[in-house]
Amino acid sequence: MAIEMPRGLPFAVDTFGPYTSTKRRKRHHFLTHAHKDHTVGISPSNIVFPIYSTSLTISLLLQRQPQLDESFFVRIEIGLSLIVDDLDGEFKVTAFDANHCPGAVMFLFEGSFGNILHTGDCRLTHDCLQSLPEKYVGKRLGEAPKCCLDYIFLDCTFGKSSHRFPSKHSAIIQIINCIWNHPDAPVVYLACDMLGQEDVLLEVSKTFGSKIYVDKATNFECFKSLMVIVPEVVTEDPSSRFHIFRGFPKLYERASAKLAEARSKLQSEPLIIRPSAQWYVCDDEDYSESGSQIQKQRKVRFSEAVKDEFGIWHVCYSMHSSREELESAMQLLSPKWVVSTVPSCRAMELNYVKRNCFISRFSPDDPFWKLLDIDMEVSPVAAVDTQTVTLSCCLMSEELTLDSVNSKLVPVIESSSMKKQLLSLSPEKNLPISLFGRARLSSQESDHQLHERKVIHTQCVYTKTSLELEKPNPKEVVESLQDDTKEETVSFSSCSSSKESCKDLSGDLRKLYRSMNAPVPRPLPSLMDLMNARKRSRNHLSF
DNA sequence: GCGATCAGCT
DNA sequence: CACAGCTGATCGC
């Protein structure tokens, strides 16, 4: 899952259009790693070259999509920098190991827009941080680095997970121990067919002196990428004790079937190991209502493999940072602003962000404003001009609506007058408007006060040109704090806290919200009924 | 008819 | 729940 970069930046990371307007097309594209959800949109028909990425990521991508051409890509390797020419002045980009999967990198951009770290997907361990330029990393917790990053686009995938994850190395040792503890298992199935689990295979292979069988016929893509990354561990001989087990689909069903088959034949059971953090983050949140008894009964240990009710052994092998790792990384890096690259604005839940990221921190000449395409040189304008578009108008034309959160939406004057409005805010008096996520409060405000704050609600600011009348071009999503309401915090983020997903808005609008690091609101249930009824009647007609 | 995107699922 | 990814339906050219 990737987010669009703010409009003021000339580059995109892990997003590849297509953009309807060439005006919006980013001039430079960067790819952090080869997982498919980060390569969506890369195709010969949508050439957005050059795409900057590591040799390994490019190789994996070319292998999967041979119709792409090498010439679309520019190689950048871990630890190396490139200077990129741009209309707005050149900038420097450096790649760093993201500790996520083979070829995965974080990008550090340094230019007139500021110093920006985009982590892609990452597991931000201490070692990982130490590979960043010294000036950006504090020597110890609480000690500011010599140079502050302006923004971090941060992988907060497991930002909610309060558990301490074992290191990848430790997880691999757990896997090896688990295998040692099952000498009678005739076959060891490793659910490791995903890019990023190769080290598990490598270490198992080295420890037990055996290659690992990959079924070329049913798992060709995995076979191909293993032949690029760790060819020395792969065998096509099914008599090997170690087999790759597909993680999808229906892992549990297939695993149960394997075990049942052995039992029915009175054979020793095979050993099935799934190295993934997914199983461990399940009971992280408050599932007291929806969570099954099975979940409650789980006595999860992170220090050794755990067998579940289906007979699968789990080891917490995580390719993303835990909350603890993120907090610690943010403290050492002390960025001015943090944006989550995953939806639900999970960055806002980090203590570091709650305590340190507020808009009042930015002076009028800070590049922050430029990043958001907000021009500080504002000329006086009429209160209402011809560019004003109301939300209701946009929504009608899109056949979409926002949910009750937005029922208080008011028309907002676009562009310059809006900017002026924003900029005229005095931090003390009218706090706070934030441009990303939940409004950030002043640093003096305690967590308790923070909690007492009132409803935050969303305003969408749209620009209009004659061309874009049909498809409004939402420009900025801002939040404002309403002082006269009594509700406790954040109806705005109701979506992210809700257990339901936010799948009810059209893709375009969803992308917009995500790019602003704002949770996607859901239409009113009544509207959903209408939309569904319309869908049903349409389906009916087609018969 | 094809590729891109979305919905739904695990 | 949700990683990354699959399948099948639908959309749009």
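Just so you know, these numbers use all the heavy atoms, side chains as well, and skip hydrogens, waters and symmetry mates. Note that the structure is predicted; figures quoted are calculated from it, not measured.
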Rounded to whole angstrom units, what separation is found between the [atom1] atom of [X] and the [atom2] atom of [N]?
X: Phe158(A); N: dC3(C); atom1: CZ; atom2: P; result: 6 Å
X: Tyr317(A); N: dC3(C); atom1: OH; atom2: C1'; result: 14 Å
X: His35(A); N: dA2(C); atom1: NE2; atom2: C1'; result: 15 Å
X: Phe248(A); N: dC9(B); atom1: CZ; atom2: C1'; result: 7 Å
X: Arg246(A); N: dC3(C); atom1: CZ; atom2: P; result: 20 Å
X: Met194(A); N: dC6(C); atom1: CE; atom2: C1'; result: 14 Å
X: His38(A); N: dG5(C); atom1: NE2; atom2: C1'; result: 12 Å
X: Phe16(A); N: dA4(B); atom1: CZ; atom2: C1'; result: 16 Å

*Step through it carefully: locate the ring centre of His118(A), locate the ring centre of Phe109(A), and say whether they are under 6.0 Å apart.*
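No - the distance between ring centres of His118(A) and Phe109(A) does not fall below the 6.0 Å cut-off.
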*Would you kindly say whether Asp69(A) and Ser71(A) are connected by a side-chain donor-acceptor distance under 3.5 Å?*
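Yes, because at least one side-chain N or O of Asp69(A) sits under 3.5 Å from a partner of the opposite role on Ser71(A).
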*Using distance alone, with no hydrogens and no angle criterion, decide if His35(A) and Asp121(A) have a side-chain donor and acceptor under 3.5 Å apart.*
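There is no such pair between these side chains.
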*Using a cut-off of less than 4.0 Å, is there contact between a side-chain N or O of Lys36(A) and OP1 or OP2 of dC6(C)?*
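Checking dC6(C) against Lys36(A), a side-chain N or O does come within under 4.0 Å of OP1 or OP2.
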*asked:* Could you tell me if Arg254(A) sits above the aromatic ring of Phe245(A), with its cationic atom closer than 6.0 Å to the ring centre and no more than 45 degrees from the axis?
replied: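 Positive - Arg254(A) is close enough to the ring of Phe245(A) and near enough to its axis.
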_Within the 4.0 Å heavy-atom criterion, would you say Ser43(A) contacts the bases, only the backbone, or no part of the nucleic acid?_
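Touches sugar-phosphate only.
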*Quick one: label His33(A) by what it contacts on the DNA or RNA (base, sugar-phosphate, nothing), any heavy atom closer than 4.0 Å.*
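If one applies the 4.0 Å heavy-atom cut-off, His33(A) turns out to touch nothing in the nucleic acid.
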*Choosing from dC3(C), dG5(C), dA4(C), which nucleotide comes nearest the side chain of His100(A)?*
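The nucleotide sitting nearest to the side chain is dA4(C).
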